[in-house]
> 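Next up is a structure, given as structure tokens.
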Amino acid sequence: MSQQQGIFNHLIEQLMALPGVGRKSAQRLAFFILKMESHAAKKIGQAIIDVKDRLAFCKQCNNITEHEICDICASPKRETHKILVIEEPSTLHVIERTGEYKGLYHILLGALAPLPGSKTAAPSIQNLVDRLKKGGVTEVIIATNPTIEGEATAIYLTRLIQPLGVTVSRIAFGIPVGIDLEYADEVSLVKSLQGRREIEKLS
Ligand SMILES: [Zn+2]
């Protein structure tokens with residue numbers, strides 16, 4: 001293998017580390033990058049470096065932040081007795097845009113796989129339980145996606161949280177089943193938050 005071929009293959013291997021990118025897609029992307037204007041390609045590289053150097057997940061809620069604790073967790077204006085549980089940081093931004101919700105968040109960074117062998121990211125559930133055990137939270141609103149994984153996660157969380165003496169509610173679904181919350185429009189989201197129902201005690 002020539003040195004040039006080695007450099008090119010190295011890029012392909014690195015791109016294959018991304019989710020959903022197989023060898024064929026990685027090759028296509030690598031050729032695209034090779035053909036790009038130099039400054040445009042370098043911008044992509046720099047954007048990746050900036051994200052890794054400057055951003056991290058909030059130590060408390062997993063929101064994306066430049067600090068150890070995100071602006072929402074650090075704000076004295078938020079209602080700290082309420083935690084809204086969502087799967088991805090992108091959903092937080094949709095909900096924040098509505099301006100309707102004043103409590104705190106907990107972002108799972110994924111959902112539970114309901115079937116053995118199905119692939120999902122390990123959600124940050126233990127951190128949530130640790131937060132609740134510290135006290136002060138009276139309601140957890142579960143707003144995982146209305147998908148099989150989201151529902152499985154909601155049931156699992158309810159079983160875990162109710163014994164801690166915290167009220168668990170699930171947002172109402174005017175939102176179409178199967179759709180990710182980040183794609184729901186703001187009006188539907190506000191309605192589903194307002195129409196949330198307490199989940200009856202699971203035996
Ligand atoms: Zn936070």
Side-chain angles (χ1 to χ4, degrees), residues 19 47-113 120-147 149-172 175 179-186 188-196 198-199:
I48 293 174
I49 292 167
D50 286 347
V51 160
K52 293 312 294 176
D53 280 355
R54 297 180 50 193
L55 301 184
F57 293 114
C58 169
K59 288 256 182 318
Q60 180 162 275
C61 76
N62 290 328
N63 187 15
I64 296 167
T65 177
E66 282 197 64
H67 313 286
E68 197 154 301
I69 297 292
C70 75
D71 292 345
I72 293 174
C73 287
S75 167
K77 292 185 182 149
R78 307 296 297 211
E79 297 168 353
T80 54
H81 63 280
K82 250 189 249 174
I83 293 181
L84 183 68
V85 179
I86 52 179
E87 292 181 26
E88 302 296 342
S90 46
T91 308
L92 180 150
H93 297 291
V94 181
I95 295 170
E96 282 300 294
R97 270 207 307 272
T98 71
E100 278 289 315
Y101 179 70
K102 302 284 181 235
L104 300 178
Y105 291 88
H106 192 85
I107 302 158
L108 296 171
L109 301 176
L112 282 180
T120 40
S124 156
I125 287 174
Q126 191 54 46
N127 292 4
L128 173 61
V129 172
D130 292 344
R131 279 179 82 180
L132 297 175
K133 281 184 176 164
K134 282 183 198 156
V137 176
T138 54
E139 184 183 8
V140 169
I141 306 158
I142 301 179
T144 49
N145 293 326
T147 55
E149 293 81 8
E151 290 302 333
T153 308
I155 293 166
Y156 182 80
L157 285 175
T158 304
R159 286 191 191 286
L160 216 56
I161 296 168
Q162 278 179 341
L164 302 174
V166 177
T167 300
V168 182
S169 48
R170 180 91 169 104
I171 59 166
I175 290 167
I179 208 170
D180 276 5
L181 286 179
E182 61 183 298
Y183 302 120
D185 69 89
E186 292 170 24
S188 317
L189 260 179
V190 168
K191 278 197 180 147
S192 60
L193 261 173
Q194 288 168 341
R196 69 181 183 274
E198 181 179 350
I199 300 177

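Numbering starts at 1 and runs along the sequence shown. Just follow the structure's listing: the first ligand is 1, and inside any ligand the first atom is 1.
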> Does any part of the side chain of L109, heavy atoms only, come nearer than 4.5 Å to the side chain of P89, both counted from C-beta?
yes
> Please collect all salt bridge (charged side-chain N to carboxylate O under 4.0 Å, His left out) contacts where either partner lies in residues 129-147, sequence neighbours excluded, each pair once.
E139-R196
> Using a cut-off of 6.0 Å, state whether more than 12 heavy atoms not belonging to E68 lie near its atom CD.
no
> Identify the residue among N63, T80, L84 that makes a side chain to side chain contact (heavy atoms under 4.5 Å, CB included) with L104.
T80
> Has the side chain of E87 got a donor or acceptor atom that lies under 3.5 Å from a matching backbone atom of N145?
yes
> Is there a side-chain contact between H106 and S124 (heavy atoms, below 4.5 Å)?
yes
> Provide the protein N, O or S atoms situated under 2.8 Å from the Zn ion (ligand 1); waters are not included.
C58 SG, C61 SG, C70 SG, C73 SG
